[in-house]
Number of protein chains: 2
Amino acid sequence: MSALDAIDLAIMRTLQDNGRISNAELADRVGLSPSACSRRLDILEKNGTISGYHARLSNKALEYKMMVIVHISLSGQFAKTLTEFETAVKLCPNVLVCYLMSGEYDYILRVAAKDLEDYERIHRDWLSALPHVVKINSSFALREIIDRPNVGL
Amino acid sequence: MSALDAIDLAIMRTLQDNGRISNAELADRVGLSPSACSRRLDILEKNGTISGYHARLSNKALEYKMMVIVHISLSGQFAKTLTEFETAVKLCPNVLVCYLMSGEYDYILRVAAKDLEDYERIHRDWLSALPHVVKINSSFALREIIDRPNVGL
DNA sequence: TTCGTCTTCGCAAGGACATTCCGCAGGTTC
DNA sequence: GAACCTGCGGAATGTCCTTGCGAAGACGAA
């Protein structure tokens, strides 16, 4: 895998903000001919530098108005305990993000819900059912300030 | 804005996972002619249901190997205090997510860094420089379990 | 029922686009 | 200098996107 040069970065930066523009326009923006641009993009996709393209859906339109940050503690840190918890948490479609953490809590989750009633259902049917959990702490987001898909290059 | 029917949801679901396929293939997958599909997609984009398309860049390739969750408390909850903090935090390119929260802390941030040294720089140059902050608590992610762009439909 | 309207479909056409091949230029190695 | 490698632009061809148009179904009012 060769190093990324300035044009590669320009391609990535452009597609990061506007992932569905045509190859012709992409080429124009980064100052390359369409053929050269197509070749470089092909390489970036094949070697995994660009790992995919995703439509961003409006949470408002989908009526997911509520974002909840959930801190979770488990009963132990044994490998089997962690694996079982992680296998279970992956099945919940409302969990957008889950990290194993250092510090006070074992896991931190970002959960999307339509409203309080919906979150009550998620909490009851999914979160409370996760194995080895000894403590769940839900914090509700009052307002979204930033939500970027990637680091600004 | 009319309600979303099953075909609209199929379009959204498809583009959520594969945001750069051609309109012809999209039409094929959702069982519509290309023209009808193009028209529906146009509506979904114009009314904001689909708010954008983003290339997902490999954090590995970009060498962002470290994810940090930062809890922040401010010196007060006055509107002016919050506004000044939010204006400042938006400028830091490493902050991927920022929410105003209920509960113990005022804000929660998700910060991407290349390594510990890089995070030390971000903490020193950006986070510590944010106005009205009285407490910063950084928790490091040990492992990523889930990172979805949207709720599974 | 019957008519008018509204919506959304499929089809067709022409203009734009993606991809591949080819030749060229610049740099490197022997 | 010659052989080689890399990455570019231009041209060709097959595909795709878009727009206009007519038809079919849903729905409400007369």
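Every heavy atom of this structure was used, including side-chain atoms; hydrogens, water molecules and symmetry mates were not. In the text below, chain A, chain B and the rest are named by the order of the sequence lines, each starting its count at 1. Values in this document were obtained by computation on a predicted structure and should not be read as measured data.
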Any side-chain heavy-atom pair from B:Val111 and B:Val95 closer than 4.5 angstrom? yes
Options D:dT19, C:dC21, C:dC17, nucleotide nearest the side-chain atoms of A:Arg39: C:dC21
Which nucleotide wins on minimum distance to the side chain of A:Ser35, given the candidates C:dA18, C:dC11, D:dA11? D:dA11
A side-chain contact here means heavy atoms from C-beta on lying under 4.5 Å apart; do B:Leu41 and B:Ile50 qualify? yes
Testing D:dC8, C:dG10, D:dC17 for proximity to the side chain of B:Leu32, the answer is C:dG10
Applying a 4.0 Å non-hydrogen cut-off, can you work out what A:Ser33 is touching in the nucleic acid: base, sugar-phosphate, or nothing? base
CD1 of B:Ile11 versus P of C:dT8: gap in Å, rounded? 12 Å
Separation of A:Leu44 atom CG from D:dG7 atom P, in whole Å? 12 Å
In whole Å, I'd like the distance from the CD1 atom of A:Ile7 to the C1' atom of D:dG7. 10 Å
Side chains of A:Ser138 and A:Tyr119: do they bring a donor and an acceptor to under 3.5 Å? yes
Tell me: CG of A:Asp8 to C1' of D:dC8, nearest whole Å? 14 Å
With a 4.0 Å cut-off on heavy atoms, is A:Arg40 in touch with a base, just the backbone sugar-phosphate, or nothing at all? sugar-phosphate
Which listed nucleotide (D:dC16, C:dT19, C:dC22) is nearest to the side chain of B:Ala24? D:dC16
With under 30° as parallel and over 60° as perpendicular, where do the rings of A:Tyr105 and A:His71 fit, or are they tilted in between? tilted
Rounded distance (Å) that lies between atom C1' of C:dT7 and atom CG of B:Asp5: 12 Å
Measure CG/A:Asn23 against P/C:dC17 and give the value in whole Å, please. 10 Å
Rounded distance in Å - CG (B:Asp28) to C1' (D:dT15): 14 Å
